[in-house]
Structures are given as structure tokens and as C-alpha cells.
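Indexing begins at 1, ligand by ligand and atom by atom, following the structure's order.
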Amino acid sequence: MQQERIVYVAANNNAVSQKTKQALLEKLRKRGFVAETRLTSRAELIVCIGGDGTMLRTLKEHDFPQIPVIGINTGHLGFFQELMPDEIDVFVDNYKKGNYEIQQMRLVQAEIHFAAGKAVLLGINEITIKGDKSRSIHLNLSLDHKFVERFSGDGILVATPAGSTAYNYALGGCIVDPRLSLLQVTPISPMNSTAYRSFTSSVVVHPKTKIQIEPEYAMEPSVLVVVDGTEYHFDEMTGISVFFSDKSVGFMRFEGYDFWHKVKTKFL
Ligand code: NAP
């Protein structure tokens, strides 16, 4: 008996996304796939309809499944998204024929340490450490346990290559070719005066580096950690260690995908 090929289709609530979802479910079923709107362990592919935000939320909600994902853009920017709604016929065709590649993007992991234990967070784009209130924050930054700087300013962001085009880019960080394996430590409004000294540009580190950040609590004894747009408030955290996770997400890419063409069309 032929094995069922199960495709999970997720969409945000906007009207175009919902319409695209219905059309895709029909097309997939006509071509012999089992198209579902709930993710089960037997699914072989996730189709995510919306923008980058929808992609980030869907993958997080399902704890970064180890099956490929493809995005159909109905959102604003759609940097992760490979297809437009009018390309779903070609998509189903190419998928059925196996005409695609998978681009693995490693996740970034944060371990937040407290006196009583630790919490673990995973992100696709970035992990940001900021003051909990709108005050300056002082963070001692070490790389592989070697002290580098006492940062003063709004915060520090650690971006993956996938996240290099997101918040990192808005902060003046570099756009990174996704074939490179590296993490980028980008300052958020660093102070540079006779009172405080911080790096003013991003620092690019080796993929095996552990980035350790220890807050100095002068005013508020709490820190805000933002992972791909989701906020976590931590009181009395002693330190945070950020590094590449062993986990990755696999983006499906079709013939003709060109990262720098995408960068040009989305940013210039
Ligand atoms: P959001 O509204 O979901 O996203 C903000 C914008 O960032 C949207 O236009 C989104 O694209 C785009 N985006 C997300 N990931 C991207 C990527 N890898 N490359 C290029 N653009 C990307 O905002 P959110 O819920 O606060 O956070 C989600 C992400 O937005 C975060 O991971 C962060 O990187 C980014 N962000 C950017 C800024 C900034 O640029 N100043 C500030 C906060 C957060 P779509 O329109 O397709 O969804």
C-alpha cells in the first residue's frame, strides 16, 4: 500500500491567507496528498501562509518541528516566504516531483540562569536582552568566559544569519549570507561617552562561541528577554548564555531561489 503523504497547512486570519489556504488544501487533495489543518507527528511538510511573523509564530507554537517548512506570502514583507498565492499550482507540481532543496537554518538558544535553576529559550531570528523598563542597562559581555566589555545602552541582540535581515539590520547589523555559520552580537543604542564605553558596531563570532551576558542591576532588578518578538520578563536573573542550538529549521527552496536577489527586492 502506498504511504500517505501528509501536509500541514497553517495560515493567519487575514482574508487572503484563508482563501489561499482553502485553495491549497483542495489542490493538495486533488494531487493525492492528505492535507491537514492540524499538525500531527506523521506530517512531512508545513506550509505557512502569511508573513514572516506568521512563520515565526507557527514554528515556535509547534516547538520547531524537524520537517521542512515553506511559506506563502500574504503578509507585509515575507522575507522567509518562498512563494506568492498565485504560485500554488507550480508549488504542488514541483513538490510532487521532488524538485526542491532544503536550506537548514540553525536556531539560537539562550540559557537564562537564576539562583534556583535555568530556563531555555530558542529563536529563529534573534535573542534580545534589554532593560525591563525604559532605562539604560549595563551588561557584562564575555565570549567563551573571557570578559570583553561592559555594555551600557538599551541592550544587546544576538542574531542568527536568518535573523540578520530583521531587527539586527534595523540596528545597523550586517546582512549575512545564509550559507555562513556565525552569530552576530549587535548593540542596541550603545552609550559612548567619557562615562561609558561600548562597541558601536556588531561583533561577529565563531559558531561554537558561547556568548555570556551578566546584568548589573543598578535600578530595576529585572531584565527583558525578547525572542523573535515574544517577551519574557526575568527577575533576579544572574546571567544568560547564548549560543547556536543543535536544532535547525529547514526552509524549502525551489529552483531559482537566490538570497541576494531577495535582499535586493525586499530592501532596496
Ligand atoms: P513583526 O511585526 O512580526 O515583524 C516586524 C517586521 O520584521 C515585519 O515586517 C516582518 O515581516 C519582518 N521580519 C521578521 N523576520 C524577518 C527576517 N528574518 N528578515 C526580514 N524581515 C523579517 O514584529 P514582532 O512580532 O515584534 O517580531 C518579529 C520579528 O520582527 C523579530 O524577530 C524582529 O527581528 C523583528 N523586529 C524588527 C524591529 C525593527 O526592525 N526595528 C523591531 C522589532 C522586531 P512580515 O511583514 O512578513 O511579517
Side-chain angles (χ1 to χ4, degrees), residues 10-18 20-21 46-62 64 69-85 87 103-110 121-132 134 137 153-190 202 224-233 242 244-245 247-253 257-268:
N12 67 14
N13 285 330
N14 90 33
V16 186
S17 301
Q18 288 299 317
T20 308
K21 177 176 162 180
I46 300 172
V47 183
C48 196
I49 306 170
D52 295 321
T54 310
M55 174 75 87
L56 292 171
R57 282 185 286 277
T58 304
L59 294 178
K60 177 180 185 296
E61 189 187 321
H62 297 291
F64 309 102
V69 59
I70 180 138
I72 301 179
N73 186 27
T74 59
H76 291 130
L77 183 72
F79 196 81
F80 287 135
Q81 316 301 72
E82 173 79 1
L83 305 167
M84 294 304 288
E87 293 175 306
Q103 181 182 49
Q104 292 293 340
M105 296 285 216
R106 269 171 88 182
L107 303 179
V108 59
Q109 180 165 335
L121 300 170
L122 284 173
I124 297 174
N125 276 346
E126 78 281 294
I127 291 184
T128 306
I129 299 106
K130 289 179 171 175
D132 206 359
S134 299
I137 189 167
D154 283 4
I156 287 178
L157 176 148
V158 181
T160 61
S164 68
T165 47
Y167 193 7
N168 172 72
Y169 181 58
L171 295 168
C174 291
I175 294 179
V176 176
D177 186 316
R179 292 169 297 185
L180 290 170
S181 179
L182 54 85
L183 288 171
Q184 195 171 164
V185 185
T186 299
I188 309 174
S189 302
S202 297
L224 174 66
V225 178
V226 191
V227 183
D228 295 347
T230 304
E231 289 190 351
Y232 301 85
H233 300 260
V242 184
F244 254 140
S245 163
K247 257 188 155 180
S248 55
V249 289
F251 289 97
M252 183 169 282
R253 303 294 184 205
Y257 173 80
D258 179 71
F259 174 75
W260 291 108
H261 174 75
K262 187 147 223 174
V263 169
K264 263 191 321 197
T265 52
K266 298 289 179 184
F267 292 106
L268 295 181

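- Heavy-atom contacts of G51 reach the following atoms of ligand 1: 47 (O), 48 (O) (cutoff under 4.0 Å).
- Distances from atom 2 (O) of ligand 1 to the protein include no heavy-atom value under 4.0 Å.
- Looking at A170 against ligand 1, only its side chain comes within 4.0 Å, counting heavy atoms.
- Set against the non-hydrogen atoms of F79, the atoms of ligand 1 under 4.0 Å away are 19 (N), 20 (C).
- Here K266 has no heavy atoms under 4.0 Å from ligand 1, in either its backbone or its side chain.
- Those atoms of ligand 1 that come under 4.0 Å of a heavy atom in A162, given as number and element, are 18 (N).
- Under 4.0 angstrom from ligand 1, the non-hydrogen atoms of Y167 come from both its backbone and its side chain.
- Ranking the protein heavy atoms by distance from atom 22 (C) of ligand 1 puts D52 OD2, 3.5 Å first.
- Annotation for ligand 1: atoms under 4.0 Å from non-hydrogen atoms of F80 are 18 (N).
- The protein heavy atom nearest to atom 48 (O) of ligand 1 is G53 N, 3.1 Å.
- Of the possible donor and acceptor atoms, none in the side chain of N168 sits under 3.5 Å from a partner among the backbone N and O of G163.
- Screening I46, V47, T58 against V69 for a side chain to side chain contact (heavy atoms under 4.5 Å, CB included) leaves a single residue, I46.
- The nearest heavy-atom contact from the protein to atom 8 (C) of ligand 1 is L77 CB, 4.9 Å.
- The nearest protein heavy atom to atom 28 (C) of ligand 1 is closer than 4.0 Å.
- Heavy-atom proximity to atom 47 (O) of ligand 1, evaluated over P178, G71, G78, is greatest for G78.
- The aromatic rings of F267 and F79 sit tilted, their planes meeting at an angle between 30° and 60°.
- For atom 33 (C) of ligand 1, the nearest protein heavy atom lies under 4.0 Å away.
- Rounded to the nearest 0.5 angstrom, T160 OG1 and N125 CG are separated by 5.5 Å.
- For NZ of K262, the number of neighbouring non-hydrogen atoms (other residues, nucleotides, ligands) closer than 6.0 Å is greater than 12.
- Counting heavy atoms closer than 4.0 Å to ligand 1, residue N125 contributes side-chain atoms (C-beta onward) but none from N, CA, C or O.
- Regarding atom 31 (C) of ligand 1, its nearest protein heavy-atom neighbour is E126 OE2, 3.4 Å.
- Of all the heavy atoms of Y169, none lies under 4.0 Å from any atom of ligand 1, so neither backbone nor side chain is involved.
- Of the protein's non-hydrogen atoms, the one nearest atom 26 (O) of ligand 1 is G229 CA, 4.0 Å.
- For atom 20 (C) of ligand 1, the closest heavy atom belonging to the protein is T165 O, 3.2 Å.
- With values rounded to the nearest 0.5 angstrom, Q109 atom CD is found 11.5 Å from L183 atom CG.
- Atom CG of L171 sits about 11.5 Å away from atom CD1 of I156, to the nearest 0.5 Å.
- Side chain of K130 to main chain of V226: no donor-acceptor pair is present (N/O by atom type, distance under 3.5 Å, no hydrogens or angles).
- We find the CG-CD distance between L182 and Q184 to be 7.0 Å, quoted to the nearest 0.5 Å.
- Checking side-chain atoms of S17 against main-chain N and O of N13 turns up no donor-acceptor pair under 3.5 Å.
- Rounding to the nearest 0.5 angstrom, the gap separating the CD1 atom in I72 from the CD atom in E87 is 9.0 Å.
- Nearest protein heavy-atom contact of atom 16 (C) of ligand 1 is A166 CB, 3.5 Å.
- Counted within 6.0 Å of NE2 on H233, heavy atoms from surrounding residues, nucleotides or ligands total more than 12; the atom is thus considered enclosed.
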